[in-house]
Amino acid sequence: MEEIESINILIVDDRPENLLVLESVLENMNCNIIKAISGNEALSLMLDYKFALVLLDVQMPEMDGFETAELMRSNSRTKYIPIIFVTAISKEQRCIFKGYEVGAVDYLFKPIEPVILQSKVRVFIELYSQKLLVEEQSMLLKLRVKELTELRANNDILENLSIKDSLTGIPNRRHFDNYLETSFNG
């Protein structure tokens, strides 16, 4: 299933040679590369992994990249995963606009310039790392708030025990002294 502490990137292309090229460009990027040869396989993998980024081909049989992106955007779990289209489809503006309409953050054309792809992937790896750090800090903060709330409740119980007689439950001398102090100073 999901690899802990690993940053996963999904590359989707129906041609194995394209997957190999992308994988070789990204091999030293300090991330785990997951490959899919179809939109359906990509969507299935998204149930098993959390991805920092998806590199998605547009032209694929059965379900093209646009349809895959639309389905990703319609699912709450995958809605915000960044998508970069990596494709050899024509550079017509209508195709590019369609990619952005279905949720792409970028659109790269084959043949890929390795330095450009690595640079873009590096940005998304860093963003994902920062997101994980924020989530971890948020979880720690929630734990601290819970601990403080429990401590405050326990402190109230102890304070209540310290100002009442344990046998009769009647306020004791400490309670009387506190009452006098707050009455004169307050």
- Check Ile9 against Cys31 and note the closest heavy-atom contact, atom names and distance. CD1-SG, 3.6 Å
- How about Leu56 and Thr87: do any of their side-chain heavy atoms sit closer than 4.5 Å? no
- Task: Look at the side chain of Arg73 and the backbone N and O of Gly103, then say whether any donor-acceptor pair between them is shorter than 3.5 Å.
- Result: yes
- Message: Using side-chain heavy atoms (C-beta onward) and a distance below 4.5 Å, is Ser166 in contact with Leu161?
- Response: no
- Task: Could you walk me through whether Leu148 and Val145 pass the side-chain contact (heavy atoms from CB on, under 4.5 Å) test, one step at a time?
- Result: CA-CA 5 Å; Leu148 285 173; Val145 168; 5.7 Å; no
- Within one Ile-Leu-Val-Met-Phe-Trp-Tyr cluster: Leu20 and Val54, side-chain cutoff 4.5 Å: no
- Task: Grab the two heavy atoms, one from Glu41 and one from Lys35, that are nearest each other, plus how far apart they are.
- Result: OE2-O, 3.8 Å
- Task: Quick one: pull up CD in Glu101 and CZ in Arg94 and give me the separation to the nearest 0.5 Å.
- Result: 11.5 Å
- Would the Phe85 and Phe66 ring centres measure less than 6.0 Å apart? yes
- Side chain Thr182, main chain Asn178, donor-acceptor under 3.5 Å: yes
- Do you know the tightest heavy-atom contact between Met63 and Glu67? CA-OE1, 3.4 Å
- Quick one: does Val105's side chain get under 4.5 Å of Lys120's, heavy atoms only? no
- Query: With distance as the sole test, does Ser183 use its side chain to make a donor-acceptor pair with the main-chain N or O of Tyr179 at under 3.5 Å?
  - Reply: yes
- After noting the C-alpha distance and the side-chain angles of Met72 and Leu43, does the key distance pass the side-chain contact (heavy atoms from CB on, under 4.5 Å) rule? CA-CA 7 Å; Met72 282 178 62; Leu43 294 171; 3.8 Å; yes
- Item | Those residues that, when tested against Arg15, pass salt bridge (Lys or Arg N to Asp or Glu O under 4.0 Å) (two or more places apart) | Glu17
- Just do the side-chain contact (heavy atoms from CB on, under 4.5 Å) check on Leu55 and Leu26 with the steps written out, would you? CA-CA 11 Å; Leu55 301 175; Leu26 301 175; 3.6 Å; yes
- Quick one: does Gln118's side chain have a donor or acceptor within less than 3.5 Å of a partner on Val25's backbone? yes
- Message: A side-chain contact here means heavy atoms from C-beta on lying under 4.5 Å apart; do Arg152 and Asp156 qualify?
- Response: yes
- Message: Please find the pair of heavy atoms, one from Thr68 and one from Gly39, that lie closest to each other, and give the distance.
- Response: OG1-CA, 3.3 Å
- Do Asp14 and Asp57 have side-chain heavy atoms sitting under 4.5 Å apart? yes
- Heavy-atom donor-acceptor pair, Arg122 side chain to Met29 backbone, under 3.5 Å: no
- Message: Within the structure provided, determine whether Val86 and Ile112 are in side-chain contact (heavy-atom separation under 4.5 Å).
- Response: yes
- Message: Taking Arg173 first and then Asp177, would you say they form a salt bridge - that is, a charged N and a carboxylate O separated by under 4.0 Å?
- Response: yes
- So NZ of Lys79 and CG of Leu71: to nearest 0.5 Å the spacing works out to 13.5 Å
- Main-chain N/O of Ile116 paired with Ser119 side-chain donor or acceptor, under 3.5 Å: no
- Item | Positive for side chain to side chain contact (heavy atoms under 4.5 Å, CB included) with Lys146, one of Lys142, Arg144, Glu150 | Glu150
- Take Leu108 and Ile84 through the test side-chain contact (heavy atoms from CB on, under 4.5 Å) and record every step on the way to the result. CA-CA 7 Å; Leu108 300 176; Ile84 295 177; 3.9 Å; yes
- Note on the structure: In short, Tyr128 meets Lys50 closest at the heavy-atom pair OH-CB, 3.5 Å
- Is there side-chain contact between Val121 and Leu117, with at least one heavy-atom pair below 4.5 Å? yes
- Query: Met60 and side chain to side chain contact (heavy atoms under 4.5 Å, CB included): which partner among Ile37, Asn40, Asp13, Val12?
  - Reply: Val12
- Strictly by modelled atom types, are Asn32 and Asn8 linked by a side-chain donor-acceptor pair under 3.5 Å? yes
- Item | Contacts of Glu135 that satisfy salt bridge (Lys or Arg N to Asp or Glu O under 4.0 Å) - sequence neighbours left out | Lys131
- Hey, is CG on Asp165 packed in by over 12 heavy atoms from elsewhere, all under 6.0 Å? yes
- Rounded distance [0.5 Å steps], CG in Leu45 versus CZ in Phe51: 5.5 Å
- From Cys95 atom SG to Tyr107 atom OH, the distance as rounded to the nearest 0.5 Å: 5.5 Å
- Item | Atom pair CG (Leu180) and CG (Asn185), whose distance is rounded to the nearest 0.5 Å | 10.5 Å
- Answer whether the closest heavy-atom distance between the side chains of Arg174 and Ser162 falls below 4.5 Å. yes
- Query: Roughly how far apart are Ile81 CD1 and Met46 CE, rounded to 0.5 Å?
  - Reply: 5.0 Å
